[in-house]
Amino acid sequence: MPHIAEDTDDGLEADIAEFARHNRGGGWALALLVARRVEPGHGHGRSFEQQDKLFDRKVCRQISAVEFARRSKTTAKRVLALHEAWVRGAEAGKVAALEKVVAGEYVELPDEAEVPFYGEKGFYKSHESRMPKGERREALETEAERAGVRPSGPVYVAQHPKAVKAAVIADEVTRTAALEGIAELRRRDEETQDQADRQAARDVAEQHARELDGRADSWSPQGDEKGMDPAAAAAAVRAAGEPGEADAALQVFNELAQVRLGTLRVLSLLQRHPVQFTGERGKTITELCEATKAAVDFIRDLAASPYQVLDDAALRAFLEESEKLG
């Protein structure tokens with residue numbers, strides 16, 4: 001087994017000093033020094049000797065990002081962003097893997113003209129130095145990609161809520177953008193809730209269908225042991241096909257929820273696209289609103305009274321009254 005040369009504090013200090021000298025520029029050189037000397041999570045609990053055994057060769061002494069930042073007079077977030085840039089470059093095959101770097105092997109750096117480190121197409125993401133990994137940053141990155149902008153902008157804005165508030169109050173363009181963003185968020189929330197409601201209704205219907213199929217399968221063509229004939233069995237299956245009180249109540253709730261979601265979508269649409277309704281179009285929409293309101297009021301009265309029943313006569317009277325509104 002080859003002799004393992006122990007790294008020294010002097011070597012560590014030399015690399016930190018070199019990092020400090022290149023702090024204002026150096027791209028891949030800075031990332032190499034961080035990749036060599038920083039272990040995110042401070043070695044994940046492994047001692048220097050355990051790292052020796054892990055790679056079975058020389059391992060450079062490594063410290064935490066916080067300690068590296070303190071000694072090189074920068075920030076831990078920036079140190080981690082440089083580390084992530086090297087990892088990203090290694091995964092793309094542009095630079096050496098971390099195993100070779102921490103083993104102290106010679107690493108050739110790429111030409112920054114061919115493999116950019118900074119900039120829109122660079123491997124270093126400046127927003128990572130301002131916000132650590134997590135759901136918040138991932139959400140901002142996802143939305144930035146959807147909007148076709150660089151993540152650094154949304155991340156910077158998200159970290160300055162007071163500045164955002166001041167801009168919204170003082171600037172009409174910013175205020176309009178904020179209102180459009182809120183309207184889009186509400187639309188997505190309504191769409192998500194709508195999909196959830198639809199899925200819940202489908203689940204109930206499928207469960208009801210499975211129960212119905214089970215009951216139908218339990219009847220034989222000759223009738224059951226109590227002598228039920230086929231006609232009676234068919235009638236029983238048809239009766240079982242009608243929703244029970246609980247299922248009917250859930251379906252009523254789902255249908256009314258759809259009505260409410262529909263009105264919210266209309267309001268959101270009108271907020272984003274103000275429309276002047278004139279002539280027959282305005283008259284038709286007004287009549288539709290009045291008829292819908294009358295129907296909802298009628299259902300509300302039915303739900304509010306434990307004694308009122310919607311029989312054929314009551315339904316016919318309501319429909320006749322609705323025709324007058326039209």
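Note that the structure is a prediction, hence the values are computed from the model and not measured.
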Visitor: So, using side-chain contact (heavy atoms from CB on, under 4.5 Å) as the criterion, who are the partners of A69 when residues are at least two apart?
Guide: T74, A76, V79

Visitor: Any chance you could measure L267, atom CG, to Q271, atom CD, to the nearest 0.5 Å?
Guide: 8.5 Å

Visitor: Using side-chain heavy atoms (C-beta onward) and a distance below 4.5 Å, is L33 in contact with R36?
Guide: yes

Visitor: Could you pull out all residues at least two apart from D171 that satisfy side-chain hydrogen bond (donor to acceptor under 3.5 Å, both in side chains)?
Guide: T174

Visitor: Would you please name every residue forming a salt bridge (Lys or Arg N to Asp or Glu O under 4.0 Å) with D297, sequence neighbours left out?
Guide: K293, R300

Visitor: Between atom CD of E190 and atom CG of L264, what is the distance when rounded to the nearest 0.5 Å?
Guide: 5.0 Å

Visitor: Of all heavy-atom pairs between Q62 and A35, which one has the smallest distance, and what is that distance?
Guide: NE2-O, 3.6 Å

Visitor: Counting C-beta onward and ignoring hydrogens, is there a side-chain heavy-atom pair between L12 and R37 closer than 4.5 Å?
Guide: yes

Visitor: Which pair of heavy atoms, one from E99 and one from V102, lies closest together, and at what distance?
Guide: O-CG2, 3.5 Å

Visitor: Just how far is it from atom CH2 of W28 to atom OH of Y118, taken to the nearest 0.5 Å?
Guide: 10.5 Å

Visitor: Kindly write out the residues that satisfy side-chain contact (heavy atoms from CB on, under 4.5 Å) with L288, not counting sequence neighbours, or none if the list is empty.
Guide: T292

Visitor: For Q193, what residues pass the side-chain hydrogen bond (donor to acceptor under 3.5 Å, both in side chains) criterion, not counting sequence neighbours?
Guide: D197

Visitor: Of all heavy-atom pairs between A31 and L82, which one has the smallest distance, and what is that distance?
Guide: CB-O, 3.7 Å

Visitor: Does E172 have any side-chain contact (heavy atoms from CB on, under 4.5 Å) partners at least two apart in sequence or in another chain, and if so, which?
Guide: R175, T176

Visitor: R186 and I182: side chain to side chain contact (heavy atoms under 4.5 Å, CB included), yes or no, with the steps?
Guide: CA-CA 6 Å; R186 288 175 177 171; I182 293 172; 3.7 Å; yes

Visitor: Do you know which two heavy atoms are closest between G27 and F117, and how far apart they sit?
Guide: CA-CD2, 3.3 Å

Visitor: Working to the nearest 0.5 Å, report the span between CG of D189 and CG of L261.
Guide: 11.0 Å

Visitor: What are the two closest heavy atoms between V34 and F68, and how far apart are they?
Guide: CG2-CE2, 4.2 Å

Visitor: Salt bridge (Lys or Arg N to Asp or Glu O under 4.0 Å) with E184: which residues, sequence neighbours excluded?
Guide: R187, R188

Visitor: Would you say V95 and F123 make side-chain contact, with heavy atoms under 4.5 Å?
Guide: no

Visitor: Once rounded to the nearest 0.5 Å, what's the spacing between atom CG of D15 and atom CZ of R71?
Guide: 11.0 Å

Visitor: For A90 and A96, which heavy atoms make the closest approach, and how far apart are they?
Guide: CB-O, 3.6 Å

Visitor: Holding to salt bridge (Lys or Arg N to Asp or Glu O under 4.0 Å), I want the full list of residues that pass it with R281, two or more places apart in sequence or in another chain.
Guide: none

Visitor: My understanding is that only residues two or more places apart in sequence, or in another chain, count here; which of them pass side-chain contact (heavy atoms from CB on, under 4.5 Å) with V87?
Guide: H83, E91, L98

Visitor: Would you give the length of the straight line joining atom CD of E114 to atom NZ of K94, rounded to the nearest 0.5 angstrom?
Guide: 9.0 Å

Visitor: Considering only heavy atoms from C-beta outward, does the side chain of R61 approach that of D9 to under 4.5 Å?
Guide: yes

Visitor: State which residues pass salt bridge (Lys or Arg N to Asp or Glu O under 4.0 Å) with R260; sequence neighbours excluded, sorted by chain then number.
Guide: none

Visitor: What's in the same ILVMFWY side-chain cluster as V168, cut-off under 4.5 Å, chained through other members?
Guide: V157, V164

Visitor: Determine whether R78 and Y124 make a side-chain contact, defined as any pair of heavy atoms from C-beta on separated by less than 4.5 Å.
Guide: yes

Visitor: Do E67 and V38 have side-chain heavy atoms sitting under 4.5 Å apart?
Guide: no

